[in-house]
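This report concerns only the one structure given below.
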Amino acid sequence: MNRTNRACTLILLVLTFLFISAFSFALPHLSADFCLGLGYAAYPASLGYSDLFSFAADTLTAPEKIRAAISPKIQIEEGTPDTETAKIEETQITYKKESLPDYKNVSVKNHTQYALDLSSLMQGYAPPKKNKDKPQILILHTHATEAFADCDNRTTDNQKNMVAVGNVFAESLTKRGFNVLHDTTQHDFPNYNGSYVNSLKTVEWYLKTYPSIEIIFDLHRDGIVKEDGTKVKIATDYNGQKVAQLMLVVGTNAGGLDHPNWQENLKFAAGLQSAASALCDTVMRPIDLRTERFNQHKSKCAVIVECGSNGNDIEEAKRSVQILAAAMEQYIL
């Protein structure tokens with residue numbers, strides 16, 4: 001080994017020693033909440049740890065304890081009423097059947113290289129028929145811990161995150177005669193980076209267990225922040241109330257992943273946007289057509305629904321999904 005190589009090796013060893021020393025010194029002083037939202041292997045605070053040192057020690061000495069605490073669980077809720085939700089009264093929802101469907105008013109923000117002719121695409125399209133006897137609609141949350149302006153960016157509290165919005169959506173759909181399953185699994189907890197891998201397993205489980213499922217809604221909230229860090233509210237007025245604007249996200253095979261259903265998903269989204277716009281012409285943002293697949297290859301009627309942004313409050317998002325449920329009642333007959 002020449003002198004240069006020996007010097008480089010010595011410097012590397014010193015830097016490694018300094019890094020380990022600094023990390024060992026800092027670890028006991030880092031709050032367990034430090035990892036929340038950073039895509040770390042776990043959220044120690046939610047597992048009962050007050051600092052990262054004790055969590056790291058158990059990770060090394062008792063990994064089965066950690067695995068048991070964070071193992072994913074399938075949870076099904078029937079959309080029970082939330083008494084604190086600001087409801088939109090049935091008498092306030094105004095149907096404009098004469099404008100339904102009107103695909104000419106559907107707008108798409110196309111992030112792919114595919115040329116779209118929506119009029120030709122929608123020719124002869126008919127959505128599924130309502131199935132009251134068997135589970136037909138699945139609601140889930142790939143990013144369940146997404147929260148709103150009246151909370152942190154993310155929270156595992158299901159009264160304040162996307163699960164709470166999903167409860168209202170499921171309840172509203174059920175009242176309108178749909179057979180709905182609502183999965184409340186937090187797929188982005190404890191590992192945010194594995195969210196879509198986790199939610200794919202959930203979707204596959206439901207489709208195997210309930211083969212009658214035809215429609216899949218993955219409820220999210222968007223995140224829009226100005227350069228100065230200000231969170232942006234995206235809302236509109238509906239009968240004197242503020243409601244969050246909605247955006248349907250449709251994936252494609254443009255990113256290279258197999259996705260034979262993406263055009264069917266786009267047709268379903270276009271029809272649903274038309275139905276929602278017939279109730280409130282400002283509630284829908286343009287459909288977002290993306291190169292990613294988002295697990296939508298598993299169904300011909302699968303969409304992401306972005307319910308407002310991190311600048312909206314949760315009640316605005318709850319109101320908006322009630323409008324979407326009313327649109328479903330007009331769309332799926």
Salt bridge (charged side-chain N to carboxylate O under 4.0 Å, His left out) with K298: of E264, E214, E204, only one passes, and it is E204
(request) Please answer whether the main-chain N or O of V163 pairs with a side-chain N or O of N158 as donor and acceptor at a distance below 3.5 Å. (result) no
CE of M247 to CZ of R221, rounded to nearest 0.5 Å, is 12.0 Å
When rounded to the nearest 0.5 Å, the distance separating CD1 of I216 from CG of L181 is 11.0 Å
D258 meets the side chain to side chain donor-acceptor pair (under 3.5 Å) criterion, sequence neighbours left out, with none
- prompt: In terms of hydrophobic clustering (I, L, V, M, F, W, Y; side-chain heavy atoms under 4.5 Å; direct or indirect links), are I323 and F217 co-clustered?
  reply: yes
Does a donor on one side chain sit under 3.5 Å from an acceptor on the other, for Y114 and N253?
-> yes
Any donor-acceptor N or O pair under 3.5 Å, side chains T184, H141: no
task = Please lay out, stage by stage, how L121 and L266 fare under the test side-chain contact (heavy atoms from CB on, under 4.5 Å).
result = CA-CA 9 Å; L121 185 70; L266 179 57; 3.6 Å; yes
Original post:
Can we say E316 and R319 salt-bridge, meaning some charged N sits less than 4.0 Å from an Asp/Glu carboxylate O?
Top reply: no
| field | Residues D188 and T145: side-chain donor-acceptor under 3.5 angstrom | value | yes
CD1 of I11 to OG1 of T16, rounded to nearest 0.5 Å, is 11.5 Å
Task: L248-L289 co-clustered via ILVMFWY side chain contacts under 4.5 Å - done: yes
Are F169 and F178 close enough that their ring centres sit under 6.0 Å apart? no
> Does a side-chain N-to-carboxylate-O contact under 4.0 Å join D152 and K160?
Replying inline: no
Interatomic distance, SG@C151 vs CG@D157, rounded to 0.5 Å, equals 7.0 Å
Contacts satisfying side chain to side chain donor-acceptor pair (under 3.5 Å) that involve residues 285-296 (not counting sequence neighbours) are H111-D288, S199-N295, D222-R285, D288-R290, R290-E292, R293-H297
Residues passing the ring-ring contact (aromatic ring centres under 6.0 Å, His included) test with Y196, sequence neighbours excluded, are H143, F294
Margin query: If we count only N and O atoms by modelled type, under 3.5 Å, do the side chains of T142 and D218 hold a donor and an acceptor together?
Written below: yes
- Message: Between E146 and N153, is there a side-chain donor-acceptor contact under 3.5 Å, judged purely by atom types and distance?
- Response: no
OG (S274) and CD (Q330) are apart, to the nearest 0.5 Å, by 11.0 Å
Rounded to the nearest 0.5 Å, the CH2 atom of W205 sits from the CG atom of L138 at a distance of 10.0 Å
